[in-house]
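Predicted model, so just to flag it, every value in this text is computed and none were measured.
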Amino acid sequence: MILIGQFDSPFVRRVGVALTLYGLPFEHRPWSVFGDLEKIRPYNPLTRVPTLVLDDGDTLIESHCILDHLDSLVPAERALYPRVEPDRRRAMKVAALAMGTAEKAVSLFYEQRLHQEVSDIWVTRCRAQIADALSILEADRAGRPGGHWFGGRLGHADIAVAVVLRFLGEAHPGLVPAAQIPALAADAARLEQLPAFQTISQPFIAPA
């Protein structure tokens, strides 16, 4: 398999971390949607990352679709989403909230850094959406015992939140202080010490 995209993207990084934890071999092509557009286009006409090229030549796009497929390739005991309801949909909800937060963080970055005229209304809205989503996630995580969100083992919910907090901290320093989300921050700090997270890592680099 070939994973296309840079690991400073939380969307790409969550797939890279998952592939590593699954033990599925893959080739990484760290192409940027800014500088390597024409390289990405043959694999994904939307020229977005992550894009995963499967061994049969087919391609998957969007991190949630990629991870759902990868989860189906491993035995139930190694799956990173719970296989039993209601934990499965609850874990997906956590991951969706986390990645939606990442989307808002990217949108906020583009608005503030890539637009000549910045919309104060849009900036305020993005900041509020990020804060509200993290507040809900914090309350949920704080109310759950154990070292992980679901089932007592590391899963996609944990990964999604951790990679998003790393991205937020680098793209928007100080936007959401760790003191406001202590349970999430503690989880993220612990996961960032794991080999899979340290291997699949790249500091955020603002596009020129």
Side-chain angles (χ1 to χ4, degrees), residues 4-18 30-37 40 44 46-51 61-67 89-143 149 156-189 191-192 197 200-208:
I4 297 172
Q6 296 183 329
F7 289 143
D8 62 348
S9 159
F11 307 97
V12 179
R13 191 179 182 217
R14 73 185 294 225
V15 175
V17 168
W31 294 342
S32 164
V33 295
F34 287 92
D36 302 299
L37 203 65
I40 299 172
N44 184 345
L46 296 174
T47 59
R48 296 177 62 182
V49 295
T51 295
I61 62 175
E62 301 293 345
S63 60
H64 62 280
C65 294
I66 292 171
L67 294 178
R89 70 172 183 267
R90 289 172 178 168
M92 287 185 166
K93 179 180 178 180
V94 169
L97 275 173
M99 301 322 293
T101 300
E103 290 173 358
K104 290 300 174 181
V106 171
S107 181
L108 178 61
F109 179 84
Y110 286 169
E111 184 66 32
Q112 293 180 311
R113 296 290 296 274
L114 301 183
H115 293 174
Q116 290 185 347
E117 294 186 10
V118 176
S119 169
D120 291 337
I121 292 175
W122 187 250
V123 167
T124 299
R125 180 176 179 179
C126 286
R127 286 177 172 170
Q129 289 169 313
I130 291 168
D132 289 348
L134 290 180
S135 177
I136 290 171
L137 290 171
E138 172 67 19
D140 189 345
R141 183 66 184 97
W149 284 83
H156 284 310
D158 308 276
I159 296 168
V161 173
V163 299
V164 169
L165 289 189
R166 164 76 174 268
F167 177 76
L168 272 174
E170 295 184 346
H172 302 287
L175 178 62
V176 182
Q180 292 183 10
I181 47 171
L184 301 184
D187 274 359
L191 293 184
E192 288 291 352
F197 283 78
I200 309 299
S201 179
Q202 175 184 339
F204 175 70
I205 302 172

Looking at every heavy atom in both [X] and [Y], which two are closest together, and how far apart are they?
| X | Y | result |
| --- | --- | --- |
| E138 | P182 | OE2-CD, 3.2 Å |
| A185 | A178 | CB-CB, 3.9 Å |
| G35 | S32 | N-OG, 3.3 Å |
| A98 | V164 | O-CG2, 3.3 Å |
| S63 | V15 | CB-CG2, 3.9 Å |

Within the structure provided, determine whether [X] and [Y] are in side-chain contact (heavy-atom separation under 4.5 Å).
| X | Y | answer |
| --- | --- | --- |
| W31 | T51 | no |
| M99 | H64 | no |
| F11 | V49 | no |
| D187 | V161 | no |
| L137 | I181 | no |
| R127 | L108 | yes |
| L97 | D140 | no |

Going by distance alone, is a donor N or O of one side chain under 3.5 Å from an acceptor N or O of the other, for W122 and S107?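 W122 vs S107: donor-acceptor pair found between side chains.
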Please confirm whether the ring centroid of F204 lies under 6.0 Å from the ring centroid of F109.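 Ring centroids of F204 and F109 are less than 6.0 Å from each other.
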So, taking the atom named [atom1] in [X] and the one named [atom2] in [Y], what distance separates them when rounded to the nearest 0.5 Å?
| X | Y | atom1 | atom2 | result |
| --- | --- | --- | --- | --- |
| R14 | F167 | CZ | CZ | 14.0 Å |
| L134 | R141 | CG | CZ | 14.5 Å |
| L168 | R166 | CG | CZ | 12.5 Å |
| I4 | I40 | CD1 | CD1 | 6.5 Å |
| L46 | I61 | CG | CD1 | 5.0 Å |
| L67 | I159 | CG | CD1 | 7.5 Å |

Can you tell me which residue among L37, V33, D36 is in a side-chain contact (heavy atoms from CB on, under 4.5 Å) with T47?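 Running side-chain contact (heavy atoms from CB on, under 4.5 Å) over L37, V33, D36 with T47 returns exactly one hit, L37.
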Give a yes or no on whether the backbone of [Y] and the side-chain of [X] come within a donor-acceptor separation of less than 3.5 Å.
| X | Y | value |
| --- | --- | --- |
| S135 | A131 | no |
| Q112 | V123 | no |
| R13 | I200 | yes |

Hey, is R48 close enough to E103 for a salt bridge, meaning N to O under 4.0 Å?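 E103 and R48: not salt-bridged.
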Start with the C-alpha distance between V17 and F7, add both sets of side-chain angles, then the distance that settles side chain to side chain contact (heavy atoms under 4.5 Å, CB included), and finish with yes or no. CA-CA 10 Å; V17 168; F7 289 143; over 6 Å; no
